[in-house]
Amino acid sequence: MLKEAYDFRDVSEALYELIAPLGEDDYTRTTLFRDWTVNDVMQHLHFFNYVADLTLSDEEEFKRVYGKLKGIQEKSGSLVVATDEMLEGLKGIKLRDAWREYYMAMADRFYEADPKQRLQWVGPSMSARSSISARLMETWSHAQEIYDLLGVERVERDNIKSIAVMGMNTFGWTFKNREEPIPETIPHVRLMAPSGDIWEWNAENSEDIIEGDAADFCQVVTQTRNIADTNLRVEGDIATRWMSVAQCFAGPARNPPAPGTRHA
């Protein structure tokens with residue numbers, strides 16, 4: 001049983017409740033994330049939920065669908081254009097409802113999956129647990145641009161722990177992806193969870209320390225906020241460098257948003 005599947009569902013439900021009152025015109029509003037509109041964000045979440053779900057049952061269909069997306073992207077030069085074409089222009093309220101219907105059923109399928117089942121993906125294969133955790137992470141991080149656009153402060157829950165764990169697990173990846181030497185020592189990370197619990201890793205390291213709110217840490221590793229726009233306390237050269245470029249998602253190395261550019 002995969003608890004992370006229902007964490008994914010709950011994060012998705014929180015986003016659904018946020019956008020449920022929106023009218024059609026609201027979906028054309030532009031966010032602070034690469035000038036994506038609300039439609040662009042929701043299309044991205046819906047399409048990649050679909051292809052991730054395919055990996056549970058039909059790897060060949062996953063390869064076909066993802067290959068078609070990449071072909072359109074290479075021709076158009078735009079992931080947004082490619083995703084829109086793959087979804088046949090599905091937008092607005094119809095997109096919202098299709099997305100919700102799909103993620104509810106998808107969460108049930110992943111909940112019943114073997115956590116250790118290996119699933120094909122765009123890079124290396126991953127476990128079913130990692131796959132649904134990645135969907136949770138992407139839903140949570142992309143939701144941030146809509147919360148920001150609407151000026152709503154999100155109420156966090158401990159279901160973000162999977163994102164914090166993913167942030168810790170991709171410490172080495174962040175440096176490798178930038179063709180930098182991977183530090184031998186991982187910083188001591190001590191976070192206050194939304195519930196008040198303490199989440200802690202590598203407590204034996206007293207030189208490189210990251211301490212503060214768990215949601216702030218998750219925002220940094222998902223690059224929805226610059227470290228300068230959080231209240232995290234960072235000490236040590238390794239911790240400082242990591243937090244300046246942390247990236248818990250796959251793909252080419254990306255820089256975090258500049259200070260002050262991502263906000264409500």
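Just so you know, these numbers use all the heavy atoms, side chains as well, and skip hydrogens, waters and symmetry mates. The chain is numbered in sequence order, starting from 1.
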Less than 4.0 Å between a side-chain N and a carboxylate O, is that true for E61 and K63? no
When you check the side-chain N and O atoms of S130 and S127, is any donor under 3.5 Å from an acceptor? yes
Could you tell me whether D197 and K161 make a salt bridge, using a distance below 4.0 angstrom between a side-chain N and a carboxylate O? no
Heavy atoms of A128 and L119 approach each other most closely as CA-CD1, 3.7 Å
Rounded to the nearest 0.5 Å, what's the gap from CG on L136 to CG on D10? Could you check? 9.0 Å
Going by heavy atoms in the side chains, are E235 and E211 under 4.5 Å from each other? no
Given side-chain contact (heavy atoms from CB on, under 4.5 Å), test L18 with Y147 step by step and report yes or no. CA-CA 8 Å; L18 178 71; Y147 278 94; 3.8 Å; yes
Between T240 (side chain) and D237 (backbone), is there a donor-acceptor pair under 3.5 Å? no
Please check if V81 and V65 belong to a single hydrophobic cluster, counting links between Ile, Leu, Val, Met, Phe, Trp and Tyr side chain heavy atoms closer than 4.5 Å. no
Looking at side-chain heavy atoms only, is the closest gap between F175 and P183 below 4.5 Å? yes
Not counting sequence neighbours, which residues clear ring-ring contact (aromatic ring centres under 6.0 Å, His included) with Y111? List them please. Y6
Parallel, tilted or perpendicular: which describes the rings of F8 and Y103, with under 30° parallel and over 60° perpendicular? perpendicular
As an exercise, state the distance from CG of D7 to CD1 of I160, rounded to the nearest 0.5 Å. 10.5 Å
On a heavy-atom basis, the closest approach of L191 and A164 is CD1-CB, 4.3 Å
Considering non-hydrogen atoms only, spot the tightest contact between P252 and N177 and give its length. C-ND2, 3.5 Å
Using the salt bridge (charged side-chain N to carboxylate O under 4.0 Å, His left out) rule, collect all pairs that involve residues 142-152, keeping only residues at least two apart or in two chains. E145-R262, D148-R225
Within a strict 4.5 Å, meaning less than it, do heavy atoms of the M106 and L56 side chains meet? no
When clusters are formed by joining ILVMFWY residues with side-chain heavy atoms under 4.5 Å apart, either directly or through shared neighbours, do L69 and V51 land in the same one? yes
Kindly write out the residues that satisfy ring-ring contact (aromatic ring centres under 6.0 Å, His included) with H188, not counting sequence neighbours, or none if the list is empty. none
Between D216 (side chain only) and N231 (backbone N and O only), is there a donor and an acceptor less than 3.5 Å apart? yes
Assess whether side-chain contact (heavy atoms from CB on, under 4.5 Å) is satisfied between M192 and W199, documenting all intermediate values. CA-CA 6 Å; M192 175 74 76; W199 299 337; over 6 Å; no
Return the orientation label for the F33 and H142 ring planes: parallel under 30°, perpendicular over 60°, tilted otherwise. perpendicular
Should M168 and N202 be marked as a side-chain contact (heavy atoms from CB on, under 4.5 Å) after you check the CA-CA gap, both sets of side-chain angles, and the distance that decides it? CA-CA 10 Å; M168 294 301 304; N202 309 314; 3.6 Å; yes
Check for a donor-acceptor pair, side chain of D229 on one end and backbone N or O of G260 on the other, with a separation under 3.5 Å. yes
May I ask whether I186 and W173 are part of the same hydrophobic cluster, defined by side-chain heavy atoms of I, L, V, M, F, W, Y residues being less than 4.5 angstrom apart, directly or through others? no
Atom pair CD/CD1 of E138 and I163 - distance to nearest 0.5 Å: 11.0 Å
Do other residues, nucleotides or ligands put more than 12 heavy atoms under 6.0 Å from the CD atom of E180? yes
Can you sort out the partners of F110 under ring-ring contact (aromatic ring centres under 6.0 Å, His included), two or more places apart, ordered by chain and number? none
Here the gap from Q144 atom CD to L15 atom CG, rounded to the nearest 0.5 Å, amounts to 11.0 Å
Looking just at side-chain N and O atoms, do Q247 and W242 make a donor-acceptor pair shorter than 3.5 Å? no
Are side-chain heavy atoms of M166 and T222 found at a separation under 4.5 Å? no
Quick one: does R154's side chain have a donor or acceptor within less than 3.5 Å of a partner on A14's backbone? no
In Å, rounded to the nearest 0.5 Å, how long is the span from NE2 of H263 to CG of L32? 5.5 Å
For a quick check under 3.5 Å, do T37 and D40 share a side-chain donor-acceptor pair by atom type? yes
May I ask you to test the W201-F171 pair for a side-chain heavy-atom distance under 4.5 Å? no
Close side-chain approach of T30 and V38, heavy atoms under 4.5 Å: no
Should R135 and E4 count as an ion pair when the cut-off is N to O under 4.0 Å? no
Smallest heavy-atom separation, P257 atom then T261 atom, equals CB-OG1, 3.5 Å
Ignoring hydrogens and geometry beyond distance, is a side-chain donor-acceptor pair present between N255 and R178 at under 3.5 Å? yes
Rounded to the nearest 0.5 angstrom, the OG-CG distance for S162 and N159 is 8.0 Å
Look at the side-chain heavy atoms of Ile, Leu, Val, Met, Phe, Trp and Tyr, link any pair under 4.5 Å apart, and say whether L232 and I209 land in one connected group. no
Membership question, hydrophobic clusters at under 4.5 Å side-chain separation (ILVMFWY): are V122 and M126 in the same one? yes
Work out which heavy atom in Q223 is nearest to a heavy atom in V245; give both atom names and the distance. NE2-O, 3.8 Å
Give a yes or no on whether the ring-centroid distance for Y50 and H46 is below 6.0 angstrom. no
Run the side-chain contact (heavy atoms from CB on, under 4.5 Å) test on R96 and I19 for me, step by step, so that the C-alpha distance in whole Å, both residues' side-chain angles and the decisive distance to 0.1 Å come before the verdict. CA-CA 8 Å; R96 177 202 70 191; I19 66 174; 3.7 Å; yes
Hey, are S195 and D158 close enough side-chain-wise for a donor-acceptor pair under 3.5 Å? yes
So the salt bridge (charged side-chain N to carboxylate O under 4.0 Å, His left out) pairs with at least one residue in residues 42-51 (sequence neighbours excluded) are none
Measure the shortest side-chain to side-chain distance between D84 and Q43 over non-hydrogen atoms and say whether it is less than 4.5 angstrom. yes
Is any side-chain heavy atom of N39 closer than 4.5 Å to one of T28? yes
Closest non-hydrogen atom pair between P194 and A214, with its separation: CD-CB, 4.5 Å
Decide if atom CZ of R157 counts as having more than 12 heavy atoms of other residues, nucleotides or ligands within a radius under 6.0 Å. no
Which residues share a ring-ring contact (aromatic ring centres under 6.0 Å, His included) with W121, sequence neighbours left out: F62
